[in-house]
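Heads up, the thing below is written out as C-alpha cells.
The chains referred to below are lettered A, B, ... by the order of the sequence lines, with proteins before strands, and numbering in each begins at 1. Since this is a predicted model, take the numbers as computed values, not measurements.
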Amino acid sequence: MGQREFGFILFGREKSMVRHRRFESRHQLVDFLINLTPSDVYYSSAYYEKPDEEKMKEKGWLGADLVFDIDCDDLRTPCKKTHDAWKCLDCGKTDVGFEPEHCPRCESRRIDVDRWVCDLCLEAAKQECLKLLSFLEEDFGFPSQSISIAFSGHRGYHIHVEEDTVKKLGSEERKEIIDYVTATGLKLQYPEKNRMPKPLLSEKGWEGRLARTLYTMFQKRESQLLENGLRKSIVAIISEQRDKLLEWLHSETETEPLPLKKKVWEELLAKAVDDATAAVDTVVTTDIHRLIRMPTTLHGKTGLKVAEVDANSLPSFKPLTDSLVLKGENVKIKILHSKPLTLGEKVYQLPAGESVKLPLAEAVFLVGTGKAVLA
Amino acid sequence: METAFPQSSETEESCPLTKLDHAKYPFTREAAEYVGRLGFSLEEVSSPDYNTVIRKAAERILRSAKSVRGLPYEVSPHWDDELLSFPLSLIMIKEVGDAYFQQRFTLQEAKLASARLREEELKKVLWIARKTFKWKISEVREPSSVPYFKLHFVNYLKNAIRFRGEDKWKLTNRKMEYGEIYLNKAEVVRLLEEEIRSHIQERIEKTPRPELPPSLKEAVGKLEDELKSLKKTLPSEEVLGATDSRAFPPCMAELYTAVLGGKNVPHAGRFTLTAFLLSTGMEAQEVARLYTAVTDFDERLTQYQVEHIAGLTGGRTKYKPLNCANMQTHRLCVNKDEICSRIKNPLQYYRIKLKRLRLSR
C-alpha cells in the first residue's frame, strides 16, 4: 500500500485532481477520506519508491499491476439507438445511435456525443469481461486468485492482475498482451496455396480458440446467427451444411478439404475472430503509471459503488442493482434530458422539463450524469 | 545427439558447463564466478603475462567493428585467456565510449554465442537459459516428435518485442497455453541471442571506469586509433556525401541510428528509411551497406530490395517514404518537433531543415 500513489477529485472542483498522495495504512487512508470527503478516489496500478514525489522521474517506478479496462462506450450495442445521440458541431446534423467517425453530411470530425448507459450495454461489457478472463486464465495461465474484477461504477469493468511475474512488464510488452486478446496482427497459416487452414479444436492459442468459436457458431439456431450479425446467405449455408461442418471441425485430421467456398470461409473466420476477441481499452493497459478508480469507493457521477465482483459470481452480477448503496429520503429534481433509467428493480423514463421526487440513488445518478438538476 | 533431460527445472543437477564452456559463453553466471575464483584484478593486467589477454580483448572489439557476423570461431586452447578477454573487453569498450561501436560489439558477441548455442547440447542451452537468465523453460519430449520447448510468456515477450514487425514473433500468432509458449530449438536460441545482447549491454552500462594501468591505457589508445580509421570506411555521417543526416526528421533519425547500431527494425521501418535515404540522394549501394549490422542481414537480398525501392529493378517504380499519417499507424513517428507540425511527409521536413542549416552557416 505504501508504494502506491493515491489521487482524489473533490466536490465542486471536478476539473483538477489532488494526487501524489501516499498512505502507509488503511487506517491512515480512511482518516484522510473522512476529512476530505472527495467525490472520487483513485490509486495507481504502479508501485513506486516514492509515490508522493510530484515528478514522475523522481517517483522511482518499481512495477505495475496488469490492468484492463472494458468500457461499454466502445461497444456497438443495438441499445445505443435507443439512448445515444450525436450532433455535428459544424453543420448541426443530429442522429441517434453510435456516433460516426465523421459527419456523413459535411465530413466534419467535430462531433458532440450524448451517451448513456443501460442494462444491455453493461451486459455486453460483462460478456467482454468474461472473454478476457478466459484469455487470462487459459492462455496466460494467471491463477484465479491473482485476478480481481471490479464494476467501474459507471460504464464498465476493471480487471486487475496482481502477480510478481508481470509487474516489470513495460508498455510494449503490455501492448503485445492487448494485441493477443484483440487478435491484432493475427495471421493464420495457410498450408497450401488454395487450401484454407483448418483450425483444430484442441490446438493452443488463437487457432484452437477460433475452432471452438466456429464450433459454437455452427451449433446455433438460424435466428441466433442472424441476431449475431451474420448475413442471410451465410446463415442459409450454415443451416444447410450444419452436420457436415461440425463433423469437419470435429475430426482432427488436418488435410480434409474444406466443405465451404473460400469467400464464405473467410467471412466466417472474420466473424469468429470478432466474436472471440475481448474488447479492451488499449490505453489503460499500456499506461504503466495509470491511476485507477479504487474499488469499494463511490463513483462521483453515478453514486454507484465501485464493486468488487468475484469471477464466479460475475455471470449473475447485476451492476445497476448490486452496486446500489445510497439510501435516503426522496429528492426533488428537474429532468433536463429524458433517458431510460433502470436502477434496482425500478424503470424510469422521465420526460425532459418535468420536476419529480425520486429516491436518493436515482436522483444522484441523474444529477451526477448531468441529465437533471436539483429542483 | 543429446542426453535425456529431466522436464522439471526444479530437479537438482550438477552444472554441465566445463571450463571450455566458460570460454565459449563468457557471459554466463558460472563463467563470471569462475573469473572471480581466478582472482582476476586490474592491477595484475599490468604484468606481461596478460599481454595475450589484452590482445584478445582488443581483437574481440575490432572483429565486431569490422563486421557483425555470427560465424563461430574456434576457441583457442588457452581457455582461461579467452575467457578473461571478455570482461576485459567490456572495460575497454566502455573506455572507448563510442555508442555505435558498443552496439556492434554487443551484437557480435550475442551472435557469436547464438551460433555456438545452435550446435550445443540441449542441456547446456537450457542450463544457461535457466541459471543466467532465470528463464522458466522446460523441454517437452514426445516419442513421435522432435523436442520442443515451453517458455513463460514474460521471458518470451522481453526478447520477442525486439522482433516486432515479424508476424511469426507476434504473441498473437504463438501457440500459448497456461502462460507457456511453444517453441522449437532454433527459436529458443534466437530469443537467447537477444537476451545475451541485452545482458552484455547492461554489463557494459554497469562497468565502472577505473583508472587503467599503463599497459591497458596504451592498448585502449591503440584500439581507439584503429576504430577511428575503421570508421572512415564504414557508412557514417562523415561519408554520407550529399545526404546530411543532421537534417533528418526525428522519425528517420531514430530509424537511421537503429539500423546503424544493428537493431532489428521492422519491415515498414526499413522500407521507409530506405526510400527516404534514396530520396535524399544517397546511392543504392551505400544504403544497402547500412544494413550490414542488422541481425538478419542478407547481403544479396538487401541489395536487391534497396535497388527495387530505388526503382532500378522490378517495376521501375521509385518508392517514396511513408507519409506522416502512415508513419503514425506503424508507430514509427517519434519525438515530433516544431517542423513536424507543418509537414505531411518526412521528406518535406528534410528540405526545410536543410535550408535552415545552410542559412545558419
Got a second to check how far [X]'s [atom1] is from [Y]'s [atom2], nearest 0.5 Å?
X: Arg174(B); Y: Glu207(A); atom1: CZ; atom2: CD; result: 13.0 Å
X: Ile161(B); Y: Lys175(A); atom1: CD1; atom2: NZ; result: 12.0 Å
X: Tyr180(A); Y: Met176(B); atom1: OH; atom2: CE; result: 4.0 Å
X: Lys187(A); Y: Asp167(B); atom1: NZ; atom2: CG; result: 3.5 Å

For [X], does the [atom1] atom have more than 12 heavy-atom neighbours from other residues, nucleotides or ligands under 6.0 Å away?
X: Gln145(A); atom1: CD; result: yes
X: His250(A); atom1: NE2; result: no
X: Lys134(B); atom1: NZ; result: yes
X: Lys94(B); atom1: NZ; result: yes
X: Lys136(B); atom1: NZ; result: no

**Asked** In terms of heavy-atom proximity below 4.5 Å to chain A, should Tyr182(B) be classed as side chain, backbone, both, or neither?
**Response** side chain

**Message:** What part of Lys168(B) gets within 4.5 angstrom of chain A, counting heavy atoms only: side chain, backbone, both, or neither?
**Reply:** neither

At a heavy-atom separation under 4.5 Å, does [X] approach chain B through its side chain, its backbone, both, or neither?
X: Ile177(A); result: both
X: Glu137(A); result: backbone
X: Leu169(A); result: side chain
X: Lys168(A); result: neither

Side-chain heavy-atom pair [X], [Y] within 4.5 angstrom cut-off:
X: Phe153(B); Y: Val166(A); value: yes
X: Phe140(A); Y: Leu171(B); value: yes
X: Lys175(B); Y: Glu203(A); value: yes

**Request:** Check His152(B) against Thr165(A) and note the closest heavy-atom contact, atom names and distance.
**Result:** CE1-CB, 4.2 Å

[X] side-chain N/O to [Y] backbone N/O, donor-acceptor pair under 3.5 Å:
X: Asn173(B); Y: Gly185(A); result: yes
X: Thr172(B); Y: Thr184(A); result: yes
X: Asp139(A); Y: Glu177(B); result: no

**Request:** Could you tell me whether Glu173(A) and Lys158(B) make a salt bridge, using a distance below 4.0 angstrom between a side-chain N and a carboxylate O?
**Result:** no

